[in-house]
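Data first, discussion second: the structure below is written as structure tokens.
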Number of protein chains: 2
Amino acid sequence: MEPAARKKRILSAIVESYVKTGEPVGSKTLISEAGLKVSSATVRNDMADLTERGYLVQPHTSAGRVPTQRGYRFYVDNALTVKPVSEQGRMYISETLAQGADSPENVLQNAANLLTRLTDCIAFATTPNGEESRVRKISFVPTGAHSAMAVLIASNGVIKTKLFRCEFLITPEILTVFDNALNEVFAGVRLSAINRPFIQTAAAGFGDLSLLLPSALIAVKDASDLAREVSVYHSGLGLLAGDAQGDRILTFLQNRHDVAATLERLPLDTAVTIGRENSRVELAYSAVVSARYRIDNSPAGVLAVVGPLRMDYAKMLAVLDCAGSCVSELLNEMIDV
Amino acid sequence: MEPAARKKRILSAIVESYVKTGEPVGSKTLISEAGLKVSSATVRNDMADLTERGYLVQPHTSAGRVPTQRGYRFYVDNALTVKPVSEQGRMYISETLAQGADSPENVLQNAANLLTRLTDCIAFATTPNGEESRVRKISFVPTGAHSAMAVLIASNGVIKTKLFRCEFLITPEILTVFDNALNEVFAGVRLSAINRPFIQTAAAGFGDLSLLLPSALIAVKDASDLAREVSVYHSGLGLLAGDAQGDRILTFLQNRHDVAATLERLPLDTAVTIGRENSRVELAYSAVVSARYRIDNSPAGVLAVVGPLRMDYAKMLAVLDCAGSCVSELLNEMIDV
DNA sequence: GTTTAGCACTCTACAGTTGAGAGTGCTAAC
DNA sequence: GTTAGCACTCTCAACTGTAGAGTGCTAAAC
């Protein structure tokens with residue numbers, strides 16, 4: 001075998017052995033496990049070279065080698081063969097996700113729970129980000145003499161409500177007027193366009209009505225903001241107990257908005273993000289495997305698991321890929337009512 | 001001083017010193033800190049007695065004493081003077097809770113965040129349990145040709161929505177019929193009474209209509225179930241990093257339903273629950289300080305902090321009591337629209 | 001030029017030892 | 001009932017020695 005090819009094989013074997021055992025891998029272990037036809041001295045030379053080039057490190061002088069983040073990256077990019085989830089596995093995943101799932105939120109929580117169970121990692125699922133979605137319909141529901149609820153239905157299936165109060169008496173007639181007026185203005189508008197200037201311009205266009213509308217307009221804007229907000233479901237907190245990176249990850253979880261933003265920033269495809277490649281320092285020693293689910297065939301929310309660098313990347317990728325496509329299927333069914 | 005009174009004083013002093021320093025308290029330290037007018041030998045005799053009666057323990061032969069759970073309990077019941085939060089403190093709490101609080105959920109999340117900040121403990125806030133509350137109003141909003149959304153407004157101010165589909169075409173007229181029919185049946189009914197038998201009986205009473213109603217009825221029941229469900233907001237996960245009980249508490253947090261149930265089971269007043277007094281084993285080495293907030297003057301949800309047994313109980317009680325009443329005020333304002 | 005055997009070297013992990021310091025329980029006297 | 005004095009116990013931290021694992025280097029073999 002060519003020296004170059006052998007080195008690649010040695011690196012893969014070290015990653016795989018280290019992932020399995022957690023022990024630094026020495027030259028002798030490597031020969032017996034990888035079935036190499038060379039002596040330990042040769043392997044040592046190759047390992048020294050790989051160390052020099054930054055793919056491996058030695059915890060201390062007399063220890064075996066451990067992959068660096070660069071080592072894992074090389075392994076994931078060049079030496080990984082992902083075997084898709086079996087047909088039975090896929091059915092199991094699909095059925096588990098659908099269990100008692102009467103809303104998209106439920107499906108996503110199911111997904112996080114399931115991923116934790118299948119991967120033994122903390123898992124996340126985000127709601128679809130609303131950046132691309134538009135207002136499908138606005139309705140009003142009376143809730144009291146001076147209060148009502150605005151209901152916004154977005155094109156990605158998300159429904160948000162917001163209460164508001166008025167000085168004047170709210171009658172069914174007024175709500176009908178609101179309904180007609182606001183649907184005319186908002187229908188088809190992108191959620192991201194609904195900001196203060198937008199509602200001010202809208203209000204100005206209503207003549208007499210504009211005196212009655214402000215609180216309703218603000219309620220619609222608030223509902224739109226809520227619909228754009230990404231919320232995050234997670235599962236597997238308990239796994240952090242005793243985990244080496246547990247403290248860091250807890251710090252990461254502390255701030256909901258950071259978590260949402262970090263997950264949103266993940267690639268649009270199934271992907272592995274290793275250590276410092278992550279946008280948050282708290283994840284500098286963790287690996288994130290993620291997949292997007294799609295709604296109406298465009299990337300929507302993300303499923304992800306966070307675990308140690310030392311993880312079975314092939315398995316994780318297979319599971320996430322499958323879960324992602326199952327979630328897509330389920331949500332698309334639910335939404336196109 | 002009477003020996004009995006002195007022992008009580010010694011126990012309190014040990015609790016307070018241990019809470020402050022975290023170090024087992026020896027007889028000499030005790031004399032200098034509690035200003036006792038007896039010798040260390042006398043104190044040692046008293047400590048030996050308190051140890052025998054289960055109020056103190058020695059981590060090892062040559063160490064000072066540490067309070068047992070029984071010791072803490074005695075201290076909390078007999079030696080604690082709670083000084084109410086100052087007027088300024090109260091205003092600060094009240095204002096912080098109200099910040100950007102446009103829904104009860106927001107107020108509760110604010111409360112959890114604030115409690116974490118003030119107490120350096122993980123904090124929880126539960127939504128009002130719906131056991132006592134009744135249906136105030138039901139509305140329907142069309143969302144598509146064959147789908148609509150049921151909106152249930154409960155007497156405790158909670159609003160829940162549920163989508164449903166029908167085989168037949170949904171027109172505004174049909175929804176008006178639904179609206180009238182279902183408000184007649186459900187208005188004033190306790191949420192806990194809305195179960196399968198109830199909706200079956202209800203459906204039976206509608207004659208011809210009953211063919212159209214089932215999915216709407218089920219949607220109302222589902223919304224009612226959602227409204228009864230207690231959800232839990234929490235804050236301070238990051239504090240678990242490096243905490244001695246962190247692992248246990250993470251395990252406790254793992255299951256949302258257990259958390260909700262445990263919190264619901266806490267006393268109706270401001271209270272301290274110490275170690276094994278808690279209903280969950282994971283909290284056997286933690287203390288929970290809790291307060292109920294009230295809606296319409298009856299106990300609704302709970303605010304709680306979970307921390308080490310070794311905590312400043314007086315301060316915690318003061319803060320929780322204050323936060324509880326501030327949340328009550330705020331929510332009552334929001335709800336009686 | 002590449003590969004190999006052999007050997008000296010380095011480092012860790014673990015177990016055992018030691019001495020200082022803290023705090024106790026007991027006893028005899030007040 | 002309280003106190004002084006003293007022997008005793010236990011922890012903690014620092015230090016030591018040893019076994020084991022794995023390396024890097026060198027000189028010889030392919």
Side-chain angles (χ1 to χ4, degrees), chain A residues 1-11 13-68 71 244 310, chain B residues 1-11 13-68 71 244 310:
Chain A
M1 196 187 310
E2 292 284 303
R6 189 182 57 220
K7 280 176 191 166
K8 186 170 157 182
R9 175 129 169 240
I10 286 176
L11 178 53
I14 289 178
V15 171
E16 277 159 20
S17 165
Y18 183 64
V19 163
K20 218 190 307 170
T21 68
E23 297 292 318
V25 189
S27 47
K28 281 185 193 162
T29 325
L30 203 52
I31 293 183
S32 62
E33 289 193 1
L36 287 165
K37 293 278 182 294
V38 291
S39 82
S40 63
T42 308
V43 173
R44 278 204 289 283
N45 287 334
D46 290 347
M47 281 161 84
D49 183 48
L50 288 167
T51 304
E52 201 167 323
R53 280 157 55 203
Y55 294 105
L56 300 174
V57 275
Q58 260 179 307
H60 55 85
T61 331
S62 73
R65 299 304 207 286
V66 168
T68 60
R310 203 197 121 209
Chain B
M1 196 187 310
E2 293 284 300
R6 189 181 57 221
K7 279 176 192 164
K8 188 169 155 182
R9 177 128 169 242
I10 287 176
L11 178 52
I14 289 178
V15 170
E16 278 160 18
S17 165
Y18 183 63
V19 163
K20 217 191 306 172
T21 67
E23 296 293 318
V25 189
S27 47
K28 282 186 195 162
T29 326
L30 203 51
I31 292 182
S32 61
E33 288 196 1
L36 287 165
K37 294 276 182 293
V38 292
S39 81
S40 65
T42 307
V43 173
R44 279 205 290 283
N45 286 334
D46 290 348
M47 283 162 83
D49 183 49
L50 288 166
T51 305
E52 203 169 320
R53 280 156 57 202
Y55 294 104
L56 299 174
V57 275
Q58 260 180 305
H60 55 85
T61 330
S62 72
R65 300 303 208 285
V66 168
T68 59
R310 204 198 120 207

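Below, chains carry the letters A, B, ... as their sequence lines are ordered, and counting in each starts from 1. Treat the numbers as computed from the prediction; the structure is a model and nothing was measured.
In this structure, the nucleotide among D:dT23, C:dG25, D:dT3 sitting nearest to the side chain of B:Asn45 is D:dT3. Out of D:dT11, C:dG25, C:dC11, the shortest distance to the side chain of A:His60 is found at C:dC11. Distance from the side chain of A:Ala48 is smallest to D:dG24 among D:dT23, D:dG24, C:dG23. Out of C:dG23, D:dT3, C:dT4, the shortest distance to the side chain of B:Thr42 is found at D:dT3.
Between the NZ atom of B:Lys28 and the P atom of C:dG25 there is a distance of 14 Å, given to the nearest Å. When the P atom of D:dA21 is taken as reference, atom CE of A:Met47 falls 16 Å away, rounded to whole Å. A straight line from CD of A:Glu33 to P of D:dG22 spans 11 Å, rounded to a whole angstrom. Spacing between atom CD1 of B:Ile31 and atom P of C:dT24 amounts to 10 Å, rounded to whole angstrom units. Between B:Ile10 atom CD1 and D:dT2 atom P the separation is 10 Å, expressed in whole Å. A:Leu30 has its CG atom 17 Å from the P atom of D:dA21, to the nearest Å. One atom, CD of B:Glu52, and another, C1' of C:dC26, lie 15 Å apart when rounded to the nearest Å. Rounded to a whole Å, the CG atom of B:Asp46 is 16 Å from the C1' atom of C:dC26.
Separating the OG atom in A:Ser27 from the CD1 atom in A:Ile10 is a distance of 9.5 Å, to the nearest 0.5 Å.
Both A:Thr51 and B:Lys37 lie close to DNA chain D; mapped to their nearest nucleotides by heavy-atom distance, the more 5′-ward contact belongs to B:Lys37.
An OP1 or OP2 oxygen of C:dG21 is reached within less than 4.0 angstrom by no side-chain nitrogen or oxygen of B:Ser62. Of the side-chain N and O atoms in B:Arg65, one or more sit less than 4.0 angstrom from OP1 or OP2 of C:dG25. Phosphate contact (OP1/OP2 of D:dA4, side-chain N/O of B:Arg44, threshold under 4.0 Å): absent. Side-chain nitrogen and oxygen atoms of B:Thr61 include at least one within less than 4.0 Å of the OP1 or OP2 phosphate oxygen of D:dC10.
Within 4.0 Å (heavy atoms only), A:Ser40 reaches no atom of the nucleic acid at all.
When side chains are defined from C-beta on, A:Glu33 does not count as touching A:Val25, because their heavy atoms never get closer than 4.5 Å.
With A:Met47 as the partner, the side chain to side chain contact (heavy atoms under 4.5 Å, CB included) test is satisfied by one option alone out of A:Leu11, A:Thr42, A:Ile14: A:Ile14.
B:Arg65 contributes no side-chain N or O that, together with a main-chain N or O of B:Val57, makes up a donor-acceptor pair within less than 3.5 Å. In this structure, the side chain of A:Ser32 engages the main chain of A:Thr29 through a donor-acceptor pair within 3.5 Å.
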